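Heavy-atom basis, side chains included; hydrogens, waters and symmetry copies ignored. All figures in this text were calculated on a predicted structure; none of them were measured in a lab.
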Amino acid sequence: MKALVYRAVGEVKLEERPKPKISQPTDAIIKLTKSTICGTDLHISKGDVATCTPGTILGHEGVGIIDEIGNSVRGFKKGEHVLISCICSCATCEYCRKGMYSHCTTGGWILGNTIDGTQAEYVRIPHADSSLYPIPAGADEAALVMLSDIFPTGLECGVLNGKVEPGSTVVIVGAGPVGLAAMITAQLYSPSVIIMIDMDHNRLKVATTLGAHHTIDPSEPDAVEKVKALTGGKGCDTVIEAVGVPQSFELCQELVAPGGVIANVGVHGTKVDLHLENLWSQNIAITTRLVDTVTTPMLLKLALSGKLDPSKLITHKFAFKDMENAYKTFGAAAEHAALKVLIEF
């Protein structure tokens, strides 16, 4: 089969690889029909994710058709269309029983990280019964690819960890796909103010069309003062960090209101400074999380009912044979006005 392989820092390449085989009775082999590229894949290609070693097939998002199942798989059968969760869950270990699927002792975020992922014609999914979701006939499968990762991530790591609630104020630093997914799902909880911060003015325009009340370019010298002016001088109750660089985390510390929450979503590849000299008395909380995908069933219901349209974040489409170009486009997102790129097999 063809697969997109992480070769070395700064290098990804389409290669011929053996088709995966069932190795455990709980496995399934999925023939991909659609996939996408995540910002985390870019972090891997830059060498920021030490657990992913050169030679790994990248990708942890996608939809496809079951090609083969292990003897112990009970919930699915060959030929069914499924959504692949970015997190594999055994559903029985200590962490899974707590709902922390991301820390499953035999799963978690392994696809495209410690085992071969979904940017290939076929992928092996461990713990298939609890790591796949059935897709009903007639569903918009391109839209559902967005539910593999970015929408549960934005909702769980940003909105829920950030304790967004009716009437609260929210600022999101980073208008990339995950930041926009956080902004969209924040609206399920009726905050009074949503502010989006990004240096990419095209992304700020998109944020406005998707529900942001205010947008700010952080390169402007008075960005913090603008947020304070919009929130009665206090800052925001929920500050969502959706970039993953030291500058954005520093900015978040300046934007949080007393009693507020900084919800980190970004993938950080280097240390950041925590300014406790300013924050020790402010009653704030800082949360971190790797998505658990516990909200995926709810998001699926919202998408299938038409109350949520994840396809709004898809800006580019590529055939799988053009994966290397897709990476170049996504890696230069500002230049191409790219959000999510859809890969079609």
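Evaluated for a side-chain hydrogen bond (donor to acceptor under 3.5 Å, both in side chains) with His60, the options Thr118, Asp149, Thr40 yield exactly one hit, Asp149. Checked options Ile262, Val171, Val272; the residue passing with Cys252 is Ile262 (criterion: side chain to side chain contact (heavy atoms under 4.5 Å, CB included)). Between Cys52 and the choices Leu58, Ile115, Ile110, the side chain to side chain contact (heavy atoms under 4.5 Å, CB included) rule is met once, by Leu58. Of the options Ile150, Leu313, Ile172, a side chain to side chain contact (heavy atoms under 4.5 Å, CB included) to Leu180 is made by Leu313 and by none of the others.
Between the side chain of Thr51 and the backbone N or O of Thr114 there is no donor-acceptor pair closer than 3.5 Å. For Trp280 (side chain) and Gln282 (main-chain N/O), no donor-acceptor pair under 3.5 Å exists by modelled atom type. Proximity of a side-chain donor or acceptor of Asp116 to a complementary backbone N or O of Thr56 within less than 3.5 Å is not detected. Counting only distance, with no hydrogens or angles, the side chain of Glu324 and the backbone of Leu14 share a donor-acceptor pair below 3.5 Å. Judged by distance alone, with hydrogens and angles left aside, the side-chain atoms of Glu241 form a donor-acceptor pair with the main-chain N or O of Val243 at under 3.5 Å. In this structure, the side chain of Asp322 does not engage the main chain of Asn325 through any donor-acceptor pair within 3.5 Å. A donor-acceptor pair is defined here as one N or O able to donate and one able to accept, closer than 3.5 Å; such a pair exists between the side chain of Ser168 and the backbone of Glu165. Of the possible polar contacts, one joining the His213 side chain to the Ile194 backbone as a donor-acceptor pair under 3.5 Å is found. No side-chain donor-acceptor contact under 3.5 Å links Arg203 to the backbone of Pro177. Side-chain atoms of Asp198 come within 3.5 Å of backbone N or O of Ala175 as a donor-acceptor pair.
No side-chain donor from either of Ser35 and Gln119 sits under 3.5 Å from a side-chain acceptor of the other. The closest side-chain donor-acceptor pair between Ser23 and Arg124 falls under 3.5 angstrom. In the model, Asn264 has no side-chain atom that pairs as donor or acceptor with a side-chain atom of Thr288 under 3.5 Å.
Using a 4.5 Å heavy-atom cutoff, the side chains of Thr231 and Cys236 are in contact.
Hydrophobic clustering places Ile84 together with Tyr101 (ILVMFWY residues linked when any side-chain heavy atoms are closer than 4.5 Å, directly or through intermediates). When hydrophobic clusters are built by joining Ile, Leu, Val, Met, Phe, Trp and Tyr residues whose side-chain heavy atoms come closer than 4.5 Å, directly or via intermediates, Tyr133 is not grouped with Ile30. Val12 and Phe320 fall within the same hydrophobic cluster, where Ile, Leu, Val, Met, Phe, Trp and Tyr residues are linked whenever their side-chain heavy atoms come under 4.5 Å apart, directly or through other members. Side-chain heavy atoms closer than 4.5 Å link hydrophobic residues (I, L, V, M, F, W, Y) into clusters, and following such links, even through other members, never connects Ile240 to Leu274. Transitive grouping of hydrophobic side chains (ILVMFWY, heavy atoms separated by less than 4.5 Å) brings Leu210 and Met146 into a common cluster.
Under 4.0 Å is where a charged nitrogen must lie from a carboxylate oxygen, and between Arg289 and Glu156 at least one such pair does. We find that Lys228 and Glu225 are not joined by a salt bridge, their nearest charged nitrogen and carboxylate oxygen being 4.0 Å or further apart. In summary, Glu16 and Lys2 engage in a salt bridge, as defined by a charged side-chain N under 4.0 Å from a carboxylate O. Between Lys21 and Glu68 no salt bridge is recorded (no basic side-chain N to carboxylate O distance below 4.0 Å). Of the charged side-chain nitrogens involved, at least one lies within less than 4.0 Å of a carboxylate oxygen, so that Arg17 and Glu15 count as a salt-bridged pair.
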Inset, instruction - Determine, step by step, whether Ser311 and Asp140 satisfy the side-chain contact (heavy atoms from CB on, under 4.5 Å) criterion, reporting the C-alpha distance in whole Å, the side-chain angles of both residues, the deciding distance to 0.1 Å, and the verdict. - result: CA-CA 9 Å; Ser311 68; Asp140 180 356; 4.2 Å; yes
Legend entry - Verdict with reasoning, Lys98 to Glu94, per salt bridge (Lys or Arg N to Asp or Glu O under 4.0 Å): CA-CA 7 Å; Lys98 291 179 180 177; Glu94 175 187 1; 3.7 Å; yes
Legend entry - Residue pair Asp237, Lys163: steps toward the salt bridge (Lys or Arg N to Asp or Glu O under 4.0 Å) verdict: CA-CA 8 Å; Asp237 302 313; Lys163 298 183 179 178; over 6 Å; no
Inset, instruction - Check step by step if salt bridge (Lys or Arg N to Asp or Glu O under 4.0 Å) holds for Lys226 and Glu220. - result: CA-CA 10 Å; Lys226 285 182 177 179; Glu220 297 172 3; 2.4 Å; yes
Inset, instruction - Carefully, step by step, assess Val82 and Val63 under the rule side-chain contact (heavy atoms from CB on, under 4.5 Å). - result: CA-CA 6 Å; Val82 290; Val63 298; over 6 Å; no
Inset, instruction - Assess whether side-chain contact (heavy atoms from CB on, under 4.5 Å) is satisfied between Leu342 and Lys34, documenting all intermediate values. - result: CA-CA 7 Å; Leu342 186 72; Lys34 293 177 174 62; 4.2 Å; yes
Legend entry - side-chain hydrogen bond (donor to acceptor under 3.5 Å, both in side chains) between His275 and Glu250, intermediate numbers included: CA-CA 8 Å; His275 291 284; Glu250 293 237 3; 3.0 Å; yes
Inset, instruction - In sequence, state the C-alpha distance, the side-chain angles, and the governing distance for Met1 and Tyr122, and then conclude on side-chain contact (heavy atoms from CB on, under 4.5 Å). - result: CA-CA 7 Å; Met1 67 171 186; Tyr122 294 87; 3.8 Å; yes
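Within 6.0 Å of CE in Met199 there are 12 or fewer heavy atoms belonging to other residues, nucleotides or ligands. Counting non-hydrogen atoms of other residues, nucleotides and ligands closer than 6.0 Å to CG of Asn278 gives a total above 12. Shown here is Tyr95, whose OH atom has no more than 12 heavy atoms of other residues, nucleotides or ligands within 6.0 Å.
Cys96 and Ala91 make their closest contact through SG-N, 3.5 Å (heavy atoms, listed as atom of the first residue, atom of the second, distance). Contact record, Ala3 with Ile57: CB-CD1, 3.6 Å, taken as the closest heavy-atom pair. A pairwise comparison of heavy atoms in Tyr327 and Asp41 identifies OH-CB, 3.4 Å as the closest pair. Closest approach of Ala143 and Pro310 over heavy atoms only: O-CB, 3.4 Å. Ser192 approaches Thr169 most closely through the heavy-atom pair OG-CG2, 3.9 Å. What you find for Leu339 and Phe330 is that their closest heavy atoms are O-CE1, 2.9 Å.
To the nearest 0.5 Å, atom CG of residue Leu302 and atom CG of residue Leu155 are 9.0 Å apart. Within the model, atoms CD1 of Ile44 and NZ of Lys46 stand 12.0 Å from one another, a figure rounded to the nearest 0.5 Å. Atoms CD1 and CD1, from Ile284 and Ile286 in turn, are 4.5 Å apart once rounded to the nearest 0.5 Å. To the nearest 0.5 angstrom, Glu141 atom CD is 5.0 Å from Thr33 atom OG1. The distance from the NZ atom of Lys31 to the NE2 atom of His81 is 10.5 Å, given to the nearest 0.5 Å. Distance CD1/Ile37 to OG/Ser45: 9.5 Å, rounded to 0.5 Å.
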